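Note that the structure is a prediction, hence the values are computed from the model and not measured. Side chains included, hydrogens not; waters and symmetry mates left out as well; all remaining heavy atoms used.
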Amino acid sequence: MLIFRKIYMDKKNIRNFCIIAHIDHGKSTLADRFLEITNTIEKRDMKHGQMLDVMELEQERGITIKLQPVRMEWSQGGQNYILNLIDTPGHVDFTYEVSRSLAACEGALLVVDATQGIEAQTLANTYLALEHNLEIIPVLNKIDLPSADVPGRSKEMADFLGISIDEIIPVSAKEGLNIDKLLTRIIEKIPSPKGGEEKDELKALIFDSIYDSYKGVVTYVRLESGSVKKGDKIFFLSNKKEIDVLEVGYFKPRYEVCDELKSGEVGYVVTGLKNVRDARVGDTLWAQGTSKVELIDAVALPGYHIVKPFVFASIYSTDTDDYPLLRDALDKLQINDSALSFVPESSGALGHGFRCGFLGLLHMEIVQERLEREYGLDLIVTAPSVSYIVDMSTGEKRQISSPSQLPDPSYIDAIEEPWVKVEILTPKEYVGGVMSLCSDKRGISKDIKYLDEKRVLLSFEMPLASIVIDFFDLLKGISSGYASMNYEYLDFRPEDLVKLDFLVAGEKVDPLSMIVHKKDSFYVGRDLTKKLKEIIPRAQFVIPIQAAIGGKIIARESIAAYRKDVTGYLYGGDVSRKKKLLAKQKKGKKRMKMMGKIELPQEAFLAILKRNKD
């Protein structure tokens with residue numbers, strides 16, 4: 001047994017790899033087959049599919065949200081191997097999760113659906129893997145389906161990657177076909193980990209972290225050099241904070257304690273920290289080795305770039321007493337989701353809350369659901385917006401993430417908004433509709449490529465604000481669900497932008513304010529005042545809803561008041577009696593209008609998301 005362990009720990013017998021694919025191309029099912037064929041999980045224990053999708057939300061939606069590592073053991077040619085797999089998400093909003101997986105690997109399986117072929121996110125993830133110099137193994141999945149076009153999709157992949165068709169491994173993850181051949185190819189093609197030896201200084205890249213109620217902060221690490229075991233004193237290089245290691249182990253896929261993690265391995269380190277801000281994803285764990293490098297001279301590992309959120313929304317508790325709970329929940333969630341950012345803010349209508357940054361609408365939706373499910377909070381989330389750069393007349397450049405932060409217009413020279421490069425892969429029959437949609441969203445066509453006789457890759461430059469709200473839904477509707485898209489940040493560009501405010505019962509509602517292009521302001525204001533009229537409940541007095549740019553009202557709707565029949569009990573008599581009662585009622589409604597307060601439902605903020613879906 002000891003000899004077996006020694007062979008196992010040799011770095012040349014370790015393979016670290018991840019699976020990258022477009023959403024719903026079967027990578028989680030492929031991961032299940034790996035777990036099954038390597039006996040990491042017994043078949044009788046696999047009660048449901050997607051064993052690495054451990055969150056209830058992932059299983060309900062059928063998508064991977066969080067990266068998930070697992071350690072498998074496989075014997076081949078008389079050698080025993082450790083296979084460390086990191087399952088990754090496929091949606092464009094979670095590209096940062098993919099980048100974190102790539103930083104801990106030497107290879108990647110590129111999985112393509114044999115019925116759908118290469119999609120936009122497939123292209124993006126492949127380029128990401130190439131940037132990390134990973135060995136890519138092409139895999140064609142779902143070859144068992146009647147609609148699978150194996151020859152056509154194989155040629156498509158070969159042309160895209162510049163390889164021969166023979167290098168592509170056709171598999172059926174559902175049926176387990178050719179999974180053993182794929183494992184053999186992984187061992188043959190993916191290189192073993194490089195880096196320092198066990199006696200060297202400890203350097204471990206933190207590629208993920210979670211907060212555990214009993215263990216504290218648990219860091220997921222890839223060891224580049226050195227070793228770590230329980231009782232060691234190690235440091236976070238970013239803040240030079242020292243900790244005592246409480247436990248180390250690896251993923252099977254649940255935690256499995258071991259004596260020691262060594263160079264080249266993937267595992268976890270229990271830090272015992274209670275302050276989640278002390279352990280940051282992308283940081284380096286360090287300890288002195290035989291080289292005697294001092295802490296002050298230690299150099300952090302090159303991880304991956306820190307992602308910058310581009311979509312912002314405010315989150316408030318419906319119960320203002322839950323504000324501390326919301327703050328703690330966001331703190332704990334942020335360590336598990338490094339793309340989430342938040343700062344405190346307050347609103348006269350909604351109380352104290354946080355201005356949060358996200359990578360996209362799905363990311364925002366997932367964060368809201370996790371806060372509500374995992375921490376039992378009842379939340380109000382405002383309409384999303386993007387960040388802007390304001391060029392001040394003084395020469396200063398000021399970045400804002402909320403319309404309420406916009407300075408007085410007299411001090412503004414220009415407002416710059418973020419632009420992105422959008423790649424859309426669509427069947428050729430939908431090209432006209434897609435181009436028309438992009439043109440309506442202020443898109444600039446940059447390139448058109450025919451991947452084959454049926455599918456076209458369209459490239460546009462577009463304002464990020466044009467795609468974060470309803471663009472994806474409109475794209476799917478125009479293309480009958482066949483188009484896919486990917487986007488990446490380009491730069492900030494000055495545009496003719498204005499702040500559009502909404503007044504309800506004469507009071508400005510800051511969370512409803514938005515920054516829009518001047519030529520679109522009237523149509524946006526008109527549509528949203530109509531939508532708010534349908535959503536806001538009636539009261540005992542008339543409620544005016546107005547859209548305004550500065551002091552100019554550009555659209556208005558009114559919600560009629562409830563009217564009590566105050567003259568219903570009168571029978572006969574002089575008409576002046578009725579007039580007197582109606583006049584009294586009118587005075588009461590006027591007084592009520594001056595003093596009455598309107599409570600806006602969550603649907604009022606969601607109206608901005610749904611304004612173009614009717």
(request) Check for a donor-acceptor pair, side chain of R33 on one end and backbone N or O of A173 on the other, with a separation under 3.5 Å. (result) yes

(request) Considering non-hydrogen atoms only, spot the tightest contact between L261 and L223 and give its length. (result) O-CD2, 3.3 Å

(message) Could you walk me through whether F471 and M485 satisfy the side chain to side chain contact (heavy atoms under 4.5 Å, CB included) test, starting with their C-alpha distance in whole Å, then the side-chain angles of each, then the deciding distance to 0.1 Å, before giving a yes or no?
(response) CA-CA 10 Å; F471 182 80; M485 66 169 281; 3.7 Å; yes

(request) Please check if any side-chain donor atom of T115 sits under 3.5 Å from a side-chain acceptor atom of D113, or the reverse. (result) yes

(message) I need the single residue from Y250, Y255, F207 that forms a ring-ring contact (aromatic ring centres under 6.0 Å, His included) with Y268. Which is it?
(response) Y255

(request) Verify, without hydrogens or angle tests, whether N141 (side chain) and V111 (backbone) share a donor-acceptor contact under 3.5 angstrom. (result) no

(message) With side-chain contact (heavy atoms from CB on, under 4.5 Å) as the test, pick out the partner of S172 among D144, T29, L145.
(response) D144

(request) Enter the distance from I210:CD1 to Y220:OH here, rounded to the nearest 0.5 Å. (result) 4.0 Å

(message) Does any part of the side chain of V311, heavy atoms only, come nearer than 4.5 Å to the side chain of H363, both counted from C-beta?
(response) no

(message) Using every non-hydrogen atom in the two residues, find where N80 and N13 come nearest and quote the distance to one decimal.
(response) O-ND2, 3.0 Å

(request) Mind listing the closest non-hydrogen atom pair of L202 and S227 along with its distance? (result) CD1-O, 3.9 Å

(message) Can you tell whether the side chains of E106 and K194 come within less than 4.0 Å, N to carboxylate O?
(response) no

(request) Report yes if the side chains of N16 and I14 come closer than 4.5 Å at any heavy-atom pair, otherwise no. (result) yes

(message) Just by distance, no angles: are the side chains of S225 and D200 close enough, under 3.5 Å, to form a donor-acceptor pair?
(response) no

(message) Is there a side-chain contact between C18 and L102 in this structure, where contact means two heavy atoms from C-beta onward sitting under 4.5 Å apart?
(response) yes

(message) Would you say that F160 contacts V112 through its side chain, given a criterion of any heavy-atom pair below 4.5 Å between the two side chains?
(response) no

(request) Decide yes or no on salt bridge (Lys or Arg N to Asp or Glu O under 4.0 Å) for E224 and K203, but give the supporting numbers first. (result) CA-CA 6 Å; E224 293 292 325; K203 280 191 176 181; over 6 Å; no

(message) Using side-chain heavy atoms (C-beta onward) and a distance below 4.5 Å, is F358 in contact with L340?
(response) yes

(message) Could you check whether any side-chain N or O of N178 sits under 3.5 Å from a backbone N or O of I169, counting only pairs where one atom can act as donor and the other as acceptor?
(response) no

(request) Could you tell me whether the side chain of C356 reaches within less than 4.5 Å of the side chain of V367, counting heavy atoms only? (result) no

(message) Go through it in stages, so that I can follow the logic: the residues are M157 and L140, the test is side chain to side chain contact (heavy atoms under 4.5 Å, CB included), and I'd like the CA-CA distance, side-chain angles, deciding distance and then a yes or no.
(response) CA-CA 9 Å; M157 289 183 70; L140 191 64; 3.9 Å; yes

(request) Report the distance from atom CD1 of I187 to atom CG of L83, rounding to the nearest 0.5 Å. (result) 5.5 Å

(request) Identify whether the distance between the nearest side-chain nitrogen and carboxylate oxygen of E256 and R254 falls below 4.0 Å. (result) no

(request) Provide the closest heavy-atom pair for A287 versus I234 in the form atom of the first, atom of the second, distance. (result) CB-CG2, 3.8 Å

(request) Determine, stepwise, if the pair F236 / L285 fulfils side chain to side chain contact (heavy atoms under 4.5 Å, CB included). (result) CA-CA 5 Å; F236 292 94; L285 291 178; 3.4 Å; yes

(message) Is any side-chain heavy atom of I137 closer than 4.5 Å to one of F17?
(response) no

(request) Would you check if L110 and L161 make a side-chain contact, meaning some heavy-atom pair closer than 4.5 Å? (result) yes

(message) Go through it in stages, so that I can follow the logic: the residues are E423 and L457, the test is side chain to side chain contact (heavy atoms under 4.5 Å, CB included), and I'd like the CA-CA distance, side-chain angles, deciding distance and then a yes or no.
(response) CA-CA 7 Å; E423 292 184 325; L457 180 64; 4.1 Å; yes

(message) Counting only heavy atoms from other residues, nucleotides and ligands, does the tally under 6.0 Å from NZ of K215 exceed 12?
(response) yes

(message) Could you measure the distance from the CZ atom of F492 to the CG atom of L464? Nearest 0.5 Å is fine.
(response) 8.5 Å

(message) As an exercise, state the distance from CG of L177 to CG of D180, rounded to the nearest 0.5 Å.
(response) 9.0 Å

(message) Distance check, rounded to the nearest 0.5 Å: L30 atom CG versus I19 atom CD1?
(response) 4.5 Å

(message) Counting neighbours of NZ on K229 that are heavy atoms of other residues, nucleotides or ligands and sit closer than 6.0 Å, is the number greater than 12?
(response) no

(request) Looking only at non-hydrogen atoms, find the nearest pair between K476 and A483 and report the distance. (result) NZ-O, 2.6 Å

(request) Please round to the nearest 0.5 Å and tell me the distance separating atom NZ of K181 and atom CD1 of I179. (result) 11.5 Å

(request) Taking all non-hydrogen atoms of both residues into account, name the closest pair between T126 and I136 and its distance. (result) CG2-CD1, 4.0 Å

(message) I'd like to know if E73 and K252 make a salt bridge, using a cut-off of under 4.0 Å between side-chain N and carboxylate O.
(response) yes

(message) Per the side-chain hydrogen bond (donor to acceptor under 3.5 Å, both in side chains) rule, what does the pair list look like for residues 145-161, sequence neighbours excluded?
(response) R153-E156, K155-D159, E156-R455

(message) T38: which residues meet the side chain to side chain contact (heavy atoms under 4.5 Å, CB included) condition with it, sequence neighbours left out?
(response) T40, M72, W74, L183

(request) Could you tell me whether a side-chain N or O of K240 sits under 3.5 Å from a main-chain N or O of L237, the two making a donor and an acceptor? (result) yes

